[in-house]
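Just so it is clear, the structure is predicted and the values come from calculations on it, not from any experiment.
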Amino acid sequence: MTKLITHWISGATRAGTSGRGAPVHDPTSGERTGETTLASADDVTAAVADSVRAASAWRGSSLSRRAAVLFAFRELLHRHTDELASVIVAEHGKVHADAVGEVRRGLENIEFAAGVPHLLKGDHSARAATGVDVHSVREPLGVVVGVTPFNFPAMVPLWMCGNAIAAGNAFLLKPSEKVPSAALFLARLWQEAGLPDGVFNVLQGDGETVDALLRHPDVAAVSFVGSTPVARHVHRTGTDQGKRVQALGGAKNHAVVLPDADVDVAADALVSAAYGSAGERCMALSVAVAVGGIGDALVRAIGERLPEVRLGVDMGPLITREHRDRVAGYVAAGEAQGATVVADGRTAPAPAPGFFLGTTLLDHVTPEMSVYQDEIFGPVLSVVRVDTFDEAVELVNANPYGNGTAVFTRDGGAARRFTEEAQIGMVGVNVPLPVPIGSYSFGGWKASLFGDVHMYGPEGLSFYTRAKVVTTRWPDPATSSVDLGFPQTR
C-alpha cells in the first residue's frame, strides 16, 4: 500500500481538499511508493493565511530568540542527518553518501543564518546634521515562498528558509511533488527546535499551486530553483504581481583544461563533477574544453576512471523513467550528429530495475550538437576541443547560460586572466564545482538567473529584508520656527 504525503500547516499535517495527487516512486526499484497531495485553491488560501498570522507574531521576536531557534535546529539537523538522508534516498534515488553531503551543505546555510544578531545590525550616524541622528534597520517582508526542485530536496530549501526565518519572515515551502517527504522532515525539526507553528509551512503541489502562490496578494517574495523556462515564467509572473523574485534556472557548465594542467588531477575532478548525483545538479560539469594538444590524454584519463564509478554504489539512478529515456536520447542524437561515444551508459548493467543510466563520455562534440546546446541533467560529459585559450574563453562566454565554470592549469597568470574574462557567476580555479560556502552567495548570470539578487549568504539575507532609514531630531521648543526652505544638513 502506498503512503499519502500531505501538507504541513500550523504545526501539523493537513490532508488538503483538492482530491488531486501525483505519484511518488523509488527510482532505484522503479516502484511506486506514495502519492503527493496536490493543493487546491482553498488549500493555498488557508496556508498563506496561516503564514500571515505567524509572520505577524514572529517579526516581533528578538534576534536572540531567533538565533536560539536556529542553533537548536542546526543541532537537530546534525543529529538526524542520516535519517534525513535515508528519506532523500528513498524518493530521489541518490546514494546515501551523496544525500548526507547534501544535508551537510545545507547545514552551512543554517550556521550562517544563526549569526542573525550580527548580520542584521544596522548603521547609525550621530549628528548627521545639526541636532539630527540617522540610523538604518532591515525589516522582514512578511510571507515568503520557496519553490524547490527534485534534485536537492533538503539542501535547496535550507538555502532559503534559514535566512528567511532569521530575518523574521514566515517561510512557505512548495517542494517538488516528486520528492515531498524531506520537506515534512524539516518541518518537524523546526517545530522541535521551538519555531512557532506557522513560521515554516509546507504546501505540496504542482505548477498550478505555484501559479496560485505567485498571484496571491499576501505573498511578498518568491525564491525559485529549477529549469530556465520555468524560472523565466516565475520571475515574469511574480514581478508582474509586484513581488520580489529570485529565480535560478539551468546551466551548461564548462571546465577548461589548459595544456599545462595536471591531467590526472583534472580527470579526477571532471569525473567527480560530471557524474556526482548522476549529473542531476545545476552545477554539474557537462562540458570539458580541451585546449591545444591535451585532448587525447584527457579523454584517455577520464575513460580509465569510468569503470570505477559503480552504479548503485557511487552513482544512483535518474529521477524518473521518462527522464532516463530523455537523457539516453541525447546520447543517441550526439552519436548521430558525429560525436564519438567513448563510454556508453545506455549499455551499463543496472544493479536494480530502476531508472539507471551509466556514465557516458562523448568526444569531438561541437557547439552545433544538441548534446552541447541543451541542459541534459544526466551523467553525460561532452568533450569539446579547441586550439587556444582565447577560443576556450570565447566558447564559455558564448553559451546562453552563465552559472558556473572552472579552469585547470598550473599557470597563475592564465588562471587570473580566466577568472577576469569569464562572463559567469561562479568561477573555479582547479575547483570543479565552484559552489560558494554558506557565508558567500550562490547564483549565475545570463539565463541561469532571473532577478538581481543571488541566493543564500549576505545577498540571501538582503533578499528577505527591506531597508528602512530613520531620521531623528529632538529640537529645543524655544528655538523652533517655521522654515519653508530646503532642509539644511550643515
Side-chain angles (χ1 to χ4, degrees), residues 1-8 13 15-16 20-38 80-104 106 148-158 173-189 202 204-206 225-227 275-281 284 309-329 345-346 348-360 376-380:
M1 184 175 180
T2 60
K3 63 179 179 178
L4 182 66
I5 301 102
T6 60
H7 315 300
W8 179 273
T13 56
R20 298 189 305 126
V24 177
H25 290 88
D26 175 354
T28 299
S29 68
E31 295 178 355
R32 178 170 174 166
T33 57
E35 181 174 291
T36 306
T37 297
L38 301 178
H80 294 284
T81 292
D82 278 331
E83 293 172 62
L84 179 53
S86 296
V87 172
I88 295 168
V89 170
E91 292 182 349
H92 178 275
K94 64 178 65 178
V95 298
H96 189 81
D98 198 7
V100 167
E102 168 184 348
V103 177
R104 288 177 177 167
T148 57
F150 74 83
N151 57 330
F152 289 104
M155 186 182 72
V156 174
L158 293 170
L173 174 60
K174 205 301 289 182
S176 167
E177 62 273 25
K178 297 181 178 68
V179 288
S181 297
L184 300 180
F185 195 101
L186 293 176
R188 293 186 178 93
L189 293 188
V202 177
Q204 308 288 3
D206 54 6
V225 175
S227 69
Y275 305 114
S277 292
E280 289 181 323
R281 52 188 179 192
V309 180
R310 299 161 295 173
L311 273 180
V313 178
D314 303 307
M315 190 179 83
L318 298 179
I319 187 66
T320 63
R321 177 174 285 103
E322 293 78 14
H323 183 54
R324 181 202 54 197
D325 294 345
R326 174 180 174 273
V327 175
R346 296 171 296 178
F355 316 133
F356 288 92
L357 185 75
T359 54
T360 299
I376 297 175
F377 225 60
V380 179

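Between the OG atom of Ser29 and the CZ atom of Phe355 there is a distance of 7.5 Å, given to the nearest 0.5 Å. Separating the CZ atom in Arg281 from the CE atom in Met155 is a distance of 9.0 Å, to the nearest 0.5 Å. Rounding to the nearest 0.5 angstrom, the gap separating the CZ atom in Phe185 from the CD1 atom in Ile88 is 9.0 Å. Here Glu102 contributes atom CD and Leu158 contributes atom CG; the two are 8.5 Å apart, rounded to the nearest 0.5 Å. The OG1 atom of Thr6 sits 11.5 Å away from the CD atom of Glu35 when rounded to the nearest 0.5 Å.
A pairwise comparison of heavy atoms in Ala278 and Leu318 identifies O-CD2, 3.6 Å as the closest pair. Considering all non-hydrogen atoms of both residues, Phe356 and Gly316 come closest at CE2-C, 3.9 Å. Between Gly276 and Asp98 the shortest heavy-atom distance is C-OD2, 4.5 Å. The heavy-atom pair separating Ser181 from Val87 by the smallest distance is CB-CG1, 3.7 Å. Here the closest heavy-atom approach between residue Val89 and residue Ala99 is recorded as CG2-CB, 4.0 Å. Heavy atoms only, all atoms of each residue included: Val103 and Ala154 are closest at CG2-CB, 4.4 Å.
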#### Entry: Worked verdict on Thr33 versus Asp26 for side chain to side chain donor-acceptor pair (under 3.5 Å)
CA-CA 6 Å; Thr33 57; Asp26 175 354; over 6 Å; no
### Query
When you look at Leu357 and Arg346, which way does the side chain to side chain contact (heavy atoms under 4.5 Å, CB included) test go after all the steps?
CA-CA 6 Å; Leu357 185 75; Arg346 296 171 296 178; 3.9 Å; yes
### Query
Are Leu38 and Glu177 close enough, and set up right, to give a side chain to side chain contact (heavy atoms under 4.5 Å, CB included), and what steps lead you there?
CA-CA 8 Å; Leu38 301 178; Glu177 62 273 25; 4.1 Å; yes
### Query
Does the side chain to side chain contact (heavy atoms under 4.5 Å, CB included) test come out yes or no for Asp82 and Val100, once each step is laid out?
CA-CA 6 Å; Asp82 278 331; Val100 167; 3.6 Å; yes
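Between Phe150 and His92, the ring planes are parallel. Angles under 30° get that label, and only those over 60° would be called perpendicular.
Side-chain atoms of Thr13 and Arg188, non-hydrogen and from C-beta on, do get closer than 4.5 Å to each other. With a 4.5 Å cut-off on side-chain heavy atoms, Asn151 and Ile319 do not count as touching. Two residues are said to be in side-chain contact when any heavy atoms from C-beta on lie closer than 4.5 Å; Gln204 and Leu184 meet this criterion. Counting only heavy atoms from C-beta outward, the side chains of Leu84 and Leu189 never approach each other to under 4.5 Å. Residues Pro157 and Phe152 form no side-chain contact, since every pair of their non-hydrogen atoms from C-beta on lies 4.5 Å or further apart. Using a 4.5 Å cut-off on side-chain heavy atoms (C-beta onward), Leu173 and Thr148 make contact.
Under the 3.5 Å distance criterion, the side-chain polar atoms of Thr320 are matched with a main-chain donor or acceptor of His323. Looking at Ser176, its side chain does come within 3.5 Å of a backbone N or O of Lys178 through a donor-acceptor pair. In this structure a side-chain-to-backbone donor-acceptor pair under 3.5 Å is present from Thr360 to Gly358.
Between Arg20 and Asp206 there is a salt bridge, since a side-chain N of the basic residue sits under 4.0 Å from a carboxylate O of the acidic one. Between Glu91 and Lys94 no salt bridge is recorded (no basic side-chain N to carboxylate O distance below 4.0 Å).
Within 6.0 Å of CD in Glu83 there are more than 12 heavy atoms belonging to other residues, nucleotides or ligands. By the neighbour-count criterion of 12 heavy atoms within 6.0 Å, atom CZ of Arg104 is sparsely surrounded, having that number or fewer from other residues, nucleotides or ligands.
Exactly one residue among Thr37, Val202, Thr36 makes a side chain to side chain contact (heavy atoms under 4.5 Å, CB included) with His7. That residue is Thr37.
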